[in-house]
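One structure below.
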There are 2 protein chains.
Amino acid sequence: MTLDARKQNVLLAIIQDYIATAEPVGSRTIARKYKLGVSPATIRNEMADLEEMGYIEQPHTSAGRIPSDRGYRYYVDHLMKRAELSLDEERMLFNSYMTKVQDVGQVLRRTGRLLSQLTRYTAVVLTNHYGKGKFKHIQLVHMGPQQAMVVVVTDAGGVHHRIIDIPESIKPADLETISAVLNQKLQGKSIENIRLTLVKEIYFELAKQKHILNMAMDLIRESLAVQTGEKIFLGGVFNILNQPEFHNVEKVKTLLGLLEQEQMLAEIMADVMDAEGVTARIGEEMVNEQMKDCSMVMSSYSVGGKPMGSIGLLGPTRMDYARAFTVVEYMTKNLSLVMERLLGRRS
Amino acid sequence: MTLDARKQNVLLAIIQDYIATAEPVGSRTIARKYKLGVSPATIRNEMADLEEMGYIEQPHTSAGRIPSDRGYRYYVDHLMKRAELSLDEERMLFNSYMTKVQDVGQVLRRTGRLLSQLTRYTAVVLTNHYGKGKFKHIQLVHMGPQQAMVVVVTDAGGVHHRIIDIPESIKPADLETISAVLNQKLQGKSIENIRLTLVKEIYFELAKQKHILNMAMDLIRESLAVQTGEKIFLGGVFNILNQPEFHNVEKVKTLLGLLEQEQMLAEIMADVMDAEGVTARIGEEMVNEQMKDCSMVMSSYSVGGKPMGSIGLLGPTRMDYARAFTVVEYMTKNLSLVMERLLGRRS
DNA sequence: GTTAGCACTCAACATGGGAGAGTGCTAACA
DNA sequence: TGTTAGCACTCTCCCATGTTGAGTGCTAAC
């Protein structure tokens, strides 16, 4: 299973060249471009070995070789050297992160945009704290004779709002009262734990004001049934159109269809939440059959030591892993920092 | 400029057939499929006339004819009969609109989704009241030692939030005080008019609490600098991939690039806000040179008699205008209704 | 173990007829 | 005078065929 130095060099050359050109790589090309000090014939022999071991494949007899998923895996695990960001890019990132941040969603969206701009791949940003976290504030606002808006703020910086129907007898002042009671009772509780324990207590509290009692329960239930779980931001979806492997509209269509299934993306990325550092899923390692010619490079970010979500880059299996790893790692750190600053926590 | 009945029928046949098949239409096809009671030769003569008048064109000598932009325009203005929705579709729409609506953004997103599902075209939904309307409520929430969240609710159902830096000396209770003052002073004012007039007044009010005076001004400015103007929702962007005219990746890329320029879309649609009913922009009538093989069918919706935004369908010039007109008209009405109900106004 | 030489394979591209769809024109017909 | 049949003509599309060039595997010599 281990490869001698020359085989490694040949494999490395094939992968680098294929990543750069998207064309099958022949023995001559390698001998010319990557001075390994041996002739094409020798390289051919090595290539035959590598093919037998499953690291590379041949699309057809008279073509060069392309890396197999296994080849990429070996590359990522053993051969790859991290790329470095150019000065321009560092400066660009610095500027982006210095401009004032105003809310969590904005940070995540921007992260997605930067990721995709830096790599020309599709960025996926997942938060799993959306609608979770501790309750910070609730506010009922009178909107019309039968409508009120419920606004809930969590300590993770999430703001959820919805409009609910209320009986016409409820006046703005009543909403203030209810808001006050809810705030007092729910203060600092975690959203998940709120549901059952406190509802009764609130019920009794509000019992004093009999005319709003009828709707109090409903309202509480509604206002706490905040959309929970993950939320996904995509960036640079159209970048896949730049990849020669997606010049065929049918492929694009299926991939875009898959990207719309947020649930599936969430699963792929949740998978990687426990892993330390940057991880790659290559080709057939992806859960989904239809994504077998895509790869993802992912990492999870955290605030105050608690993992909060993950970010990733989606590209063809032929993607530039070295660069993707660097960019994802860099952005993970930045994102963690910004989020901590934004939410006023220092870890 | 006016066409006799037979020419109209021929033009109608060509357009209907081309919309259905995306293939140039020949004289034989028309004679066979659309029993006009004359032979192909006669139809050929009519077609030669129509071509000379600029209503149809010939891609090359031995091909059939395709409608020109001018032909489509004539069709839309004089020949088109509105399509009708199928029972299934009516039922589907009814169900969608009956499920509980929770906020304005959700309604607009859903409208976009329905529009695109019903037609397989790309839906564009524009609101121009985003960040406008009357001030309803402001709430400052303490997030960390140096962070607070500002939440602003407008009567158009918009909720805007952002996190701001505050001096460490500000305590949660202070934020409550400020919130109360702001609410009292700003109540019912239109967001656009608030900026200058009231700031001084609030300044004096808060002067009583000297230690928060420093930041009060900044905070007010920040919290009112709500992102203003239009907001755009797109639905079914990838539907364009189903159109044979976009089977070429380059075209898709340029079009998607254009769709990202929200400003431009906003302009196209703002154009149509004053017009009564459903309007079409066909091919070269589109502002943008690069969209000359696309058309849009648009209409604006209103709440309480006041136009609030517009919805539209974007497709190839070969789009099914009859159906697009019907769907857009239907959805405009529905959307206006739902928004009125949601915002508690009856017009 | 390495390399040169060579026969072999196969995709990609160009070339060259048909086949088919559709036209415009002309002349005959009602 | 308007309509139609007939026919020559045009042009795309498709398929079969040939050519080129890149790349391989094998063998024999170094």
Side-chain angles (χ1 to χ4, degrees), chain A residues 3-11 13-18 20-68 71 244-245 247-248 318, chain B residues 2-11 13-18 20-68 71 244-245 247-248:
Chain A
L3 299 177
D4 64 49
R6 194 168 65 191
K7 281 198 175 47
Q8 289 196 353
N9 283 335
V10 172
L11 182 55
I14 292 174
I15 292 181
Q16 285 180 348
D17 208 77
Y18 188 64
T21 65
E23 299 289 334
V25 192
S27 52
R28 245 181 86 89
T29 317
I30 295 182
R32 216 179 330 112
K33 278 212 257 180
Y34 306 81
K35 336 215 172 260
L36 303 186
V38 291
S39 78
T42 310
I43 292 173
R44 279 207 286 283
N45 288 331
E46 298 290 21
M47 283 164 89
D49 292 352
L50 285 169
E51 179 162 8
E52 201 177 350
M53 288 187 263
Y55 293 111
I56 55 181
E57 342 182 297
Q58 216 172 359
H60 56 87
T61 347
S62 76
R65 304 302 213 290
I66 61 176
S68 66
E245 28 273 273
H247 259 31
N248 154 358
R318 188 187 60 81
Chain B
T2 73
L3 299 177
D4 64 51
R6 194 168 65 192
K7 281 197 176 47
Q8 289 196 353
N9 283 335
V10 172
L11 181 56
I14 292 174
I15 292 182
Q16 284 180 348
D17 207 77
Y18 188 64
T21 65
E23 298 289 333
V25 192
S27 53
R28 248 183 81 90
T29 316
I30 294 182
R32 214 179 331 111
K33 279 211 259 181
Y34 305 81
K35 341 215 168 258
L36 304 185
V38 292
S39 77
T42 310
I43 292 174
R44 279 205 286 284
N45 289 330
E46 299 291 19
M47 284 164 91
D49 292 351
L50 285 169
E51 180 162 9
E52 201 176 351
M53 290 188 261
Y55 293 111
I56 55 181
E57 323 176 319
Q58 215 173 359
H60 58 86
T61 349
S62 76
R65 304 304 214 289
I66 61 176
S68 65
E245 29 271 275
H247 260 30
N248 154 359

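Letters A, B, ... are given to chains in the order of the sequence lines, protein chains preceding strands, and every chain is numbered from 1. Model, not experiment: these values are computed from the prediction.
Taking the side chain of A:H60 as heavy atoms from C-beta on, and the options C:dC10, C:dT3, D:dG25, the nearest nucleotide is C:dC10.
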- request: Report the C-alpha separation of A:I14 and A:M47 in whole Å, then their side-chain angles, then the decisive distance to 0.1 Å, and conclude whether the side-chain contact (heavy atoms from CB on, under 4.5 Å) test is met.
  value: CA-CA 9 Å; A:I14 292 174; A:M47 283 164 89; 4.1 Å; yes
- request: Please lay out, stage by stage, how B:V25 and B:I30 fare under the test side-chain contact (heavy atoms from CB on, under 4.5 Å).
  value: CA-CA 7 Å; B:V25 192; B:I30 294 182; 3.7 Å; yes
- request: Under the side-chain contact (heavy atoms from CB on, under 4.5 Å) rule, what do B:T42 and B:S39 come out as? Steps first, then yes or no, please.
  value: CA-CA 5 Å; B:T42 310; B:S39 77; 3.4 Å; yes
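Contact between the side-chain N/O atoms of B:R44 and the OP1/OP2 oxygens of C:dT26 is not found at any separation under 4.0 Å. Side-chain N/O atoms of B:T61 include one lying less than 4.0 angstrom from OP1 or OP2 on D:dC11. Phosphate contact (OP1/OP2 of C:dT3, side-chain N/O of A:T42, threshold under 4.0 Å): present.
Heavy-atom nearest nucleotides on DNA chain D were determined for B:E46 and for A:R65, and the one closer to the 5' end corresponds to B:E46.
Within the 3.5 Å criterion, the main-chain N or O of A:G54 finds a donor-acceptor partner in the side chain of A:S68.
Between B:I66 atom CD1 and C:dG22 atom C1' there is a gap of 15 Å when expressed in whole angstrom units. Here the P atom of nucleotide C:dG1 and the CD1 atom of A:I43 are 17 Å apart, to the nearest Å. Atoms CD (B:E52) and P (C:dT23) sit 16 Å apart, rounded to a whole Å. Taking atom CZ of residue A:R6 and atom P of nucleotide C:dG1, one finds them 10 Å apart after rounding to whole Å. Note: CD (B:E23) to P (C:dG20) measures 17 Å, nearest angstrom. In this structure, the CD atom of A:Q58 is 17 Å from the P atom of D:dA22, given to the nearest Å. In this entry the distance linking CG of B:N45 with P of D:dT3 reads 9 Å, nearest Å. Put simply, CE on A:M47 is 14 Å from P on D:dC26, counting in whole angstrom units.
With rounding to the nearest 0.5 Å, the separation of CG in A:L11 from CG in A:D49 is 12.5 Å. To the nearest 0.5 Å, the span separating CG on B:L50 from CE on B:M53 amounts to 5.0 Å.
Contact annotation: side chain of B:S62 to base of D:dC11, donor-acceptor pair present below 3.5 Å.
For B:Q16, the side chain to side chain donor-acceptor pair (under 3.5 Å) test picks out no residue, with sequence neighbours left out.
Helix-axis bend for the helix from C:dG1-D:dC30 to C:dA30-D:dT1: the local axis fitted to the five terminal pairs at one end deviates from that at the other end by 20°, rounded to 10°.
For the salt bridge (charged side-chain N to carboxylate O under 4.0 Å, His left out) criterion with B:E51, the lone passing option out of B:R65, B:R44, B:K7 is B:R65.
Smallest separation of non-hydrogen atoms from B:Q58 and B:T61: NE2-O, 2.9 Å.
Within residues 27-39 of chain A, the residues that place at least one heavy atom under 4.0 Å from DNA chain C are, in residue-number order, A:V38, A:S39.
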